[in-house]
Amino acid sequence: METQPWLLAAAVLLIAGVVVSKTSSRFGVPSLLLFLGIGMLAGSDGIARIDFDDFDLARSFGTVALGYILFSGGLGTRFTDIRPIIGPAVALASIGVVITASLVALVASEILDLTLAEGFLLGAVIASTDAAAVFSVLRSRGISIPPRLGATLELESGSNDPAAVFLTVAAIDIVLGDHAGPLSMVGMFALQMTVGVLCGYLLARATVAAVNRLHLDFDGMYPVFTFALVLLILEGVNMIGGSGFLAVYAAGVTMASRDFVHKRSLIRFHDGVAWLMQIAMFVLLGLLVFPSRLPDVALQAMLVAAVLILFARPVAVFLTLVCFRFPRSQIAFVSWVGLRGATPIILATFPVAAGVPNGERLFHVVFFVVLTSILVQGTSIGAAARRLRLTDPDVVFERPVSFDTVITGDDGPSLHELSVRPGSDADTRQIIDLGLPTGILIVLVRRGEYSFMPEGTTTLQGGDDLLVAADREHAHRLASLFAHHGGSQDGSVA
């Protein structure tokens, strides 16, 4: 059998990414920095000497990966939480992005000796932010910030990627001499965003209805269905002239606010897919970087980073949020935590793949700017929150609990999903009359499209789906009670 060394290399790099993520929370450094480092160590100038320079492949994979990351982010965001701050967050994600890109363009064109169009291209690429990295650092340090502020940062990061993508593509067209007029571009932007939000919402509603009515024979098919859904929304909306990125994020937010079958497990599945995409994407982008070329742009890139962090982002945030009556301390915090992450590096592959002059130089500048942002802003987020007195020492981020890590022992209880078969011992009987032993507890009943927590007087019906917690010693008796007829006379499994 012919060996495939690239499979071994991919496995080693992914495992390395998972392992080093453990050190992220310990030292307060965003995980993406470590993933990029792995890619650089494995690249052409690194230890493994993996020769990879396919920017077109990196752009294609990065686009798909960003779609899954945005969808997962949307699934973790309930509309009721972000509704009060839609105005300021959307303003940051649109007007703020344009202001940031424009201010960076004015200065960067002089620093890097670029045309104004090339400077705007650089500004558009690095204009978007990554709130996921911000919250990972805050959680690792146990720091809580005001809910309104946190929701604003979260929604901004989820919705400013489409604006940055649009500006980047438009700037590439301008540099290559193929572009529309300003009014036409504004109209195209409004159309893309509107179509993206509308299609994402409608497709998510259709998906929830389909998931609840399909009744697939195998539970493993539900993740496959939603996995394909992301690709359908991303590419389908792009094909009809909308923003696929905004559509998948809107779809995720819409689904998060509705109940559907296997919701919790699907959210966790897509969280895992998002992490897989993040690790693979950052490692892949790290492979594209030639560390030996970074010193040539280091000084100029540091100046661009300083302009972005200390001038462009603060001005854009102040002009955008001041009319929404945000406290000055919160405006200062939003200005400082404009952390750069996945999207700028992905967008930096677009000019190279499109054949823009100075494309590879811009890629390395963007890479250095992102590294600077992570090192400077990423490691000082906690200190900034405390300095601005935005933390509450009595409230910390709650560590999410996964009962999969609790109910897994051979001697402990386990959760079971089963159905009440018509004619079984449990059909048409009250739970209290079943004589369940102490080691069995019916946690949840799903009847048709509705779910509820049962009481002792609840009468079970044939076709009910049950979530049952049972000690190991009683688990083998569940089928005889709920699925078969002919148990003990009193219906007891004890």
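Any value given below was found using the heavy atoms of this structure, including those in side chains, with hydrogens, waters and symmetry copies removed. Nothing fancy with the numbering, it's 1 onward along the sequence. The structure presented is a predicted model; accordingly, all values stated were derived computationally and were not measured.
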Less than 3.5 Å apart, any donor N or O on the side chain of S109 or E118 sitting next to an acceptor on the other?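 S109 vs E118: no donor-acceptor pair found between side chains.
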Does the side chain of D161 come under 3.5 Å of the side chain of T343 through a donor N or O and an acceptor N or O?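 Side chains of D161 and T343: pair found under 3.5 Å.
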As a quick check of understanding, evaluate side-chain contact (heavy atoms from CB on, under 4.5 Å) for L167 and F189, giving each step before the final call. CA-CA 9 Å; L167 290 180; F189 176 76; 6.0 Å; no
So, the side chain of [X] versus the backbone of [Y]: is there a donor-acceptor pair under 3.5 Å, distance only?
X	Y	result
S257	F79	yes
D54	L57	yes
R340	A127	yes
R361	L112	yes
N238	G244	yes
T226	Y222	yes

Looking at every non-hydrogen atom in both residues, tell me the closest pair between [X] and [Y] and how far apart they are.
X	Y	value
A256	T77	CB-O, 3.4 Å
V125	A348	CG1-N, 3.8 Å
S159	A89	OG-O, 4.4 Å
A58	L284	CA-CD2, 4.0 Å
A93	V97	O-CG2, 3.3 Å
V369	A301	CG2-O, 3.7 Å

Side chains of [X] and [Y], heavy atoms from C-beta outward: is any pair under 4.5 Å?
X	Y	value
L390	P146	yes
I82	I85	yes
M188	L191	no
N160	L92	no
S243	F166	no
P162	M193	yes

Verify side-chain contact (heavy atoms from CB on, under 4.5 Å) between M255 and L229, making sure each step is shown before the conclusion. CA-CA 12 Å; M255 292 182 66; L229 167 76; 4.1 Å; yes
On the 0 to 90° scale, with breaks at 30° and 60°, tag the F363-F55 ring pair as parallel, tilted or perpendicular.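 Correct class here is perpendicular.
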Please work out which of the three classes, parallel, tilted or perpendicular, describes the rings of Y68 and F227, given edges at 30° and 60°.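 Taking Y68 first and then F227, their aromatic rings lie parallel (interplane angle under 30°).
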Would L246 and V237 count as a side-chain contact (heavy atoms from CB on, under 4.5 Å) if you check the C-alpha gap in whole Å, the side-chain angles of each, and the deciding distance to 0.1 Å? CA-CA 9 Å; L246 188 56; V237 174; over 6 Å; no
First locate atom [atom1] of [X], then atom [atom2] of [Y], and finally report the distance between them rounded to the nearest 0.5 Å.
X	Y	atom1	atom2	result
L234	L66	CG	CG	8.5 Å
M277	L70	CE	CG	12.5 Å
S128	L347	OG	CG	6.0 Å
E110	Q300	CD	CD	12.5 Å
I38	L287	CD1	CG	10.5 Å
T349	F61	OG1	CZ	12.0 Å

R268 vs D271, salt bridge (charged side-chain N to carboxylate O under 4.0 Å, His left out): CA-CA, chis, key distance, verdict: CA-CA 5 Å; R268 293 177 60 191; D271 183 51; over 6 Å; no
Checking E156 against R313 for the salt bridge (charged side-chain N to carboxylate O under 4.0 Å, His left out) test, could you report, in this order, the C-alpha distance in whole Å, the side-chain angles of both residues, the deciding distance, and whether it holds? CA-CA 13 Å; E156 179 207 4; R313 170 73 177 179; 2.8 Å; yes
Contacts table for residues 317-336: side-chain donor-acceptor under 3.5 angstrom, sequence neighbours left out:
from: T320; atom 1: OG1; to: A316; atom 2: O; distance (Å): 2.6
from: S335; atom 1: OG; to: I331; atom 2: O; distance (Å): 2.8
from: W336; atom 1: NE1; to: S380; atom 2: OG; distance (Å): 2.9

Enumerate donor-acceptor pairs with a distance under 3.5 Å from any side-chain N or O in residues 196-211 to protein atoms, sequence neighbours excluded.
from: Y201; atom 1: OH; to: R205; atom 2: NH1; distance (Å): 2.8
from: T207; atom 1: OG1; to: L203; atom 2: O; distance (Å): 2.7

Working for side-chain contact (heavy atoms from CB on, under 4.5 Å), residues Y249 and T254: CA-CA 9 Å; Y249 182 73; T254 302; over 6 Å; no
